[in-house]
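See structure below.
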Amino acid sequence: MRIATWNVNSIRARLPRLQEWLGARQPDVLCVQETKCTDDEFPEQEVREMGYEVAFHGQKTYNGVALLSKHPISNVIRGFPGDGEEARFISGRIRDVQIASVYVINGETVGSEKYARKLEWLKKLRDHLNKTCAADVPWMLAGDFNITFDDRDVYDPAKWHERIFCTTRERDALKAIVDLGCRDALRKYHHRNGIYTWFDFRTGGYQRGQGLRIDHVLVSTPLFKALRDVEVDLAERGAEKPSDHAPVIATLALD
DNA sequence: ATGGTAGTTTGACTA
């Protein structure tokens, strides 16, 4: 089973790219972030026509998350207590794995009100996972965490030292989630620096090779041994009218 | 140096 995550930066603006990408890559599951539409505006028909079941949790203009799956989705959870009523979390059970699509608050700048909210939100997410992740059900978190794990995920660590996405407090909050009992899937296979999932439009980051790895697939410990491969689809980031994020695809060997 | 682009929405916000 192949599970992907992709911050599409508006599912309506990205629909042509999404259709082409799903057709070409055919993942079993796609966790989507930044759909940027209310549930009644979600292009549900178009997604179903690609052969996918869908569960979404959206709002006007900002945020919005969804699960696309070739297999049935059950036990759907939209949001969690203390999430600030923003549409940033949805999870569902697919082939006996509870899979979440997560869009962590950006945080703007260190010390801002949004930065404080980001850290609070991450605590609430941890609380939610601690309560809902049953020991006997394998689980995964996939999404845009807006946090780098370490300086290998940063194109210029000196420039980004203790800046947003790279602060010790953000990284500790991410580690606290990992400590619930999961692992960073990509690092099972790839240990080098320079693997990025996001490139800033404004600075022409992609063309300059200046990116960050802030999109992650976290796999619960019992499921980690079933992991077979993880890849970042950089070609998609280089396409016409791309999102600013590249998709990440994880392959699992389930029974 | 506080820029630069993109999306939503049509002025200003979020990223």
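Scope of the values below: all heavy atoms of this structure, side chains included, with no hydrogens, waters or symmetry mates. Labels below follow one simple rule: chain letters A, B, ... track the order of the sequence lines, proteins then strands, and each chain is numbered from 1.
Between A:Asp200 and A:Arg208 there is no salt bridge, since no side-chain nitrogen of the basic residue lies less than 4.0 Å from a carboxylate oxygen of the acidic one.
Using a 4.0 Å cut-off, no side-chain N or O of A:Arg14 falls inside it from OP1 or OP2 of B:dA6. In this structure, A:Lys60 does not reach the B:dT8 phosphate: none of its side-chain N or O atoms is under 4.0 Å from OP1 or OP2. Contact between the side-chain N/O atoms of A:Lys36 and the OP1/OP2 oxygens of B:dA15 is not found at any separation under 4.0 Å. Residue A:Arg163 places none of its side-chain N or O atoms closer than 4.0 Å to OP1 or OP2 of B:dT2.
Remark: P of B:dA6 and NE2 of A:His245 are 15 Å apart, rounded to the nearest angstrom. One atom, CG of A:Asp244, and another, C1' of B:dT5, lie 9 Å apart when rounded to the nearest Å. Here the P atom of nucleotide B:dA15 and the CZ atom of A:Phe145 are 17 Å apart, to the nearest Å. Spacing between atom CD of A:Gln33 and atom C1' of B:dT14 amounts to 16 Å, rounded to whole angstrom units. Distance, A:Ile164 CD1 to B:dT2 C1': 15 Å, rounded to whole Å. Counting to the nearest Å, the P atom of B:dT2 and the NZ atom of A:Lys159 are 14 Å from each other. Going from atom CG of A:Leu15 over to atom P of B:dT8 covers 11 Å, rounded to whole Å. In this structure, CZ of A:Arg202 is placed 6 Å from C1' of B:dA15, rounded to the nearest angstrom.
Nearest-nucleotide mapping onto DNA chain B: of A:Asn7 and A:Ile11, the residue sitting toward the 5' end is A:Ile11. Sequence order on DNA chain B of the closest nucleotides to A:Asn9 and A:Asn63 puts A:Asn9 first from the 5' end.
In the set B:dG4, B:dG7, B:dA15, the nucleotide with an atom closest to the side chain of A:Tyr103 is B:dA15. Nearest nucleotide to the A:Phe201 side chain, out of B:dT5, B:dT8, B:dC13: B:dT5. Closest to the A:Arg12 side chain, of the nucleotides B:dT8, B:dC13, B:dA15, is B:dT8.
Comparing the same atom, P, in B:dA1 and in B:dA15 gives a spacing of 26 Å after rounding to whole Å.
Remark: the A:Arg213 side chain and the A:Thr148 side chain contain no N/O donor-acceptor pair separated by less than 3.5 Å. In this model, no donor atom of one side chain and acceptor atom of the other lie less than 3.5 Å apart for A:Gln210 and A:Asp156.
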Output, in order, the C-alpha distance, side-chain angles, deciding distance and verdict of side chain to side chain donor-acceptor pair (under 3.5 Å) for A:Asp28 and A:His71.
CA-CA 7 Å; A:Asp28 293 275; A:His71 312 280; 3.0 Å; yes
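Among the heavy atoms of the strands lying under 4.0 Å from A:Arg88 are primed sugar atoms or P, OP1, OP2 only; no base atom is included. Here A:Ser10 lies in heavy-atom contact (under 4.0 Å) with sugar-phosphate atoms only.
Closest non-hydrogen pair, A:Asn7 versus A:Asp215, comes out as CB-OD2, 4.2 Å.
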